[in-house]
Amino acid sequence: THPPSASYSVIPKAYPLFGSIFSIAANKHRRVLWIADILHRSPSSTFTLHRSLGSRQVFTANPAVVQHILKTQFPIYHKGYTLHRALGDFLGNGIFNADGDTWKFQRQLSSHQFNTRSLRKFVETVVDTELSDRLVPILSSTAAGDSSPAVLDFQDILQRFTFDNICRIAFGFDPAYLLPSLPETKFARAFEEGTKLSSERFNAAIPLVWKIKKLFNIGSEKQLRMAISEVRGLAKRIVREKKQELREKKQELREKASLDSVDLLSRFLNSGISDEDFVTDIVISFILAGRDTTSAALTWFFWLLSKHPNVEKEIVKEIKEKSDGPVYDEVKDMVYTHAALCESMRLYPPVPVDTKEAATDDVLPDGTFVKKGTRVAYHVYAMGRSEKLWGSDWAKFRPERWLKVAEGPDDVEGTKWKFVQMDPFMYPVFQAGPRVCLGKEMAFLQMKRIVGGVLRRFKVVPVAAEGEEPVYIAHLTSLMKNGFPVRIEKRRDITIN
Ligand code: HEM
């Protein structure tokens with residue numbers, strides 16, 4: 001948890017013309033925590049930040065307002081101009097940056113990628129090979145002490161894992177980023193740079209600055225241009241190769257491939273979409289969506305586990321009841337682990353703040369007036385740490401909050417948990433409403449399989465001294481500022497069958 005400090009505990013002062021840019025600039029490095037603190041002090045859990053030149057941004061941690069913008073008034077609250085402008089160079093018209101019919105079309109076609117059959121295949125092939133061929137060997141040799149260094153940055157390892165996974169899902173392309181040599185991969189680095197610099201545009205205190213830099217192609221805008229060209233260049237090459245491959249295959253093989261393929265690119269190409277730019281946009285959006293979200297969730301999860309041995313013990317108990325294989329039904333059924341992941345993402349949501357833009361004037365349920373063009377953001381991080389929503393023990397990491405003891409014959413063999421769904425507008429970690437995360441189920445399967453595969457064999461032990469906490473930062477997703485240095489120990493309290 002993050003104790004409040006005097007420097008950010010007041011509603012920021014707003015000046016004519018400049019708005020609160022001085023406070024915004026002073027809190028740039030801790031934007032998420034700063035706004036969360038203001039929201040916690042606001043009686044209505046909603047407040048308006050005055051930006052420069054009369055522009056305003058509304059922040060909310062109120063579930064009724066979240067429901068209003070994400071569901072009841074969905075047609076009014078779209079991605080909008082500011083986001084489109086800031087992320088457009090990187091994402092083009094991909095699903096993450098699209099509204100209206102372009103969005104609907106991508107959503108409908110890609111939703112097939114997330115049916116049970118595809119998900120089963122995903123766990124049984126993509127996740128499992130990355131786990132057994134890459135992650136486990138690296139952790140084994142670190143634990144055995146026969147690789148240097150003895151300390152791993154677990155955040156980096158998890159990012160490499162999810163990057164490989166999502167590239168295989170999106171493109172059917174394996175960037176082999178998680179290798180024992182921890183290689184520098186140009187594509188992955190450029191992707192990271194593109195995300196970071198685009199998100200800085202979005203959060204800029206004075207947006208005019210980046211627009212001028214872009215015009216003259218200098219500084220961060222020059223870097224961004226180079227990163228985007230690297231990412232799009234490689235993505236386009238893959239799209240072309242895949243197109244060629246599909247063209248060469250006979251029709252019946254193509255049909256078979258479309259049924260069997262785990263990658264989204266083949267699905268889109270097979271459905272007859274041939275515009276290379278558009279397909280590239282779609283694939284890039286998916287990589288962004290699936291890349292740092294699951295790794296962020298797991299990084300904080302493993303840290304919280306190291307502080308809560310009782311929870312770790314319960315998870316290990318659950319793992320012991322399962323086989324060590326990628327058995328879809330077993331992975332799906334890890335109820336306690338599922339609850340622990342939900343609880344961890346309550347305190348450390350992978351996407352801490354998410355913003356919409358009002359297409360017309362509107363009034364929020366709490367009476368806040370919203371002028372057309374105003375950005376309205378729901379603050380997932382503040383909501384997860386709200387005493388109003390979670391009670392006086394909100395700061396406790398307690399997976400049991402998500403569970404009740406199942407009644408029935410299972411009781412005889414010991415506790416069998418049942419998962420309790422929460423109101424999605426009170427816990428919008430995956431967003432909610434018509435644009436709810438498409439990859440939610442896939443993300444849980446992947447995370448549970450990784451947790452099972454790792455904790456069955458190893459203990460992940462942070463190097464940080466007792467009482468030292470990782471520093472929280474966020475670009476588009478939550479991160480540990482200086483990585484997550486850990487030692488890996490072989491687990492002795494479980495037998496591998
Ligand atoms: C723990 C992991 C994840 C979390 C917390 C998460 C969270 C979110 C959130 C908050 C959004 C809404 C963003 C917005 O519209 O502004 C979103 C959208 C989306 N997510 Fe996830 N996500 C996760 C993993 C994934 C994975 C693994 C994939 C894909 C393989 C994925 C695919 C998508 C897509 C395609 C959208 C856009 C949906 C739309 O606009 O209709 N997500 N996710």
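Worth saying up front: this structure is predicted, and the values here are computed from it rather than measured. Whatever order the structure lists ligands and atoms in, that order sets their numbers, starting from 1. FYI, the numbering just counts along the sequence from 1.
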With atoms numbered from 1 as shown, which atoms in ligand 1 lie under 4.0 angstrom from a non-hydrogen atom of [X]?
X	answer
G290	26 (C), 27 (C), 28 (C)
Q431	10 (C), 12 (C), 14 (C), 15 (O), 16 (O)
A443	2 (C), 24 (C)
P350	5 (C)
F286	35 (C)
W103	39 (C), 40 (O), 41 (O)

task = If the plane angle is over 60° it's perpendicular, under 30° parallel, otherwise tilted; pick one for F187 and F163.
result =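 The arrangement is tilted - the two ring planes meet at 30° to 60°.
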request  = Give me the ring orientation class for Y348 and Y381: parallel if the planes are under 30° apart, tilted from 30 to 60°, perpendicular past 60°.
outcome  =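 If you compare the ring of Y348 with that of Y381, the planes turn out perpendicular.
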Nearest protein heavy-atom contact for [atom]: which residue, which atom, what distance?
atom	answer
atom 34 (C) of ligand 1	A289 CB, 3.9 Å
atom 13 (C) of ligand 1	D354 OD2, 3.8 Å
atom 10 (C) of ligand 1	V429 O, 3.5 Å
atom 40 (O) of ligand 1	R435 NE, 2.8 Å

Salt bridge (charged side-chain N to carboxylate O under 4.0 Å, His left out) evaluation trace for K243 with E276 = CA-CA 9 Å; K243 253 176 132 173; E276 273 172 25; 3.5 Å; yes
Heavy-atom nearest option to [atom], drawn from [options]:
atom	options	answer
atom 4 (C) of ligand 1	F96, F430, F444, F122	F430
atom 21 (Fe) of ligand 1	G439, A432, C437	C437
atom 30 (C) of ligand 1	I169, T162, V380, I166	I166

Return a yes/no value for [X]: is any of its N or O atoms, backbone included, closer than 3.5 angstrom to an N or O of ligand 1?
X	result
K79	yes
R107	yes
T294	no
Q446	no
T293	no

task = Mark yes or no: K440 above the aromatic ring of F114, with NZ or CZ under 6.0 Å from the six-membered ring centre and no more than 45 degrees from the axis.
result =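 No.
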If you measure only the distance, is there a donor-acceptor pair under 3.5 Å linking the side chains of [X] and [Y]?
X	Y	answer
E200	S220	no
N93	T102	no
T60	N62	no
T162	N165	no

message = What I want to find out is whether E193 reaches K196 closely enough, with some N-O distance under 4.0 Å, to be called a salt bridge.
response =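 The answer is no: the pair does not qualify as a salt bridge.
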request  = Answer yes or no: is there an ion pair linking R435 with D354, defined by an N-O contact shorter than 4.0 Å?
outcome  =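 Judged by the 4.0 Å cut-off on N to carboxylate O distance, R435 and D354 do not form a salt bridge.
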query = Are more than 12 heavy atoms from other residues, nucleotides or ligands located less than 6.0 Å from atom NZ of K313?
reply =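 No, not enclosed.
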query = With a 4.0 Å heavy-atom cut-off (strictly under), which part of M442 contacts ligand 1: side chain, backbone, both or neither?
reply =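 Side chain only; the backbone of M442 stays clear of ligand 1.
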Gap between atom CG of L182 and atom CD1 of I157 - 0.5 Å precision =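 With rounding to 0.5 Å, CD1 (I157) is 5.0 Å from CG (L182).
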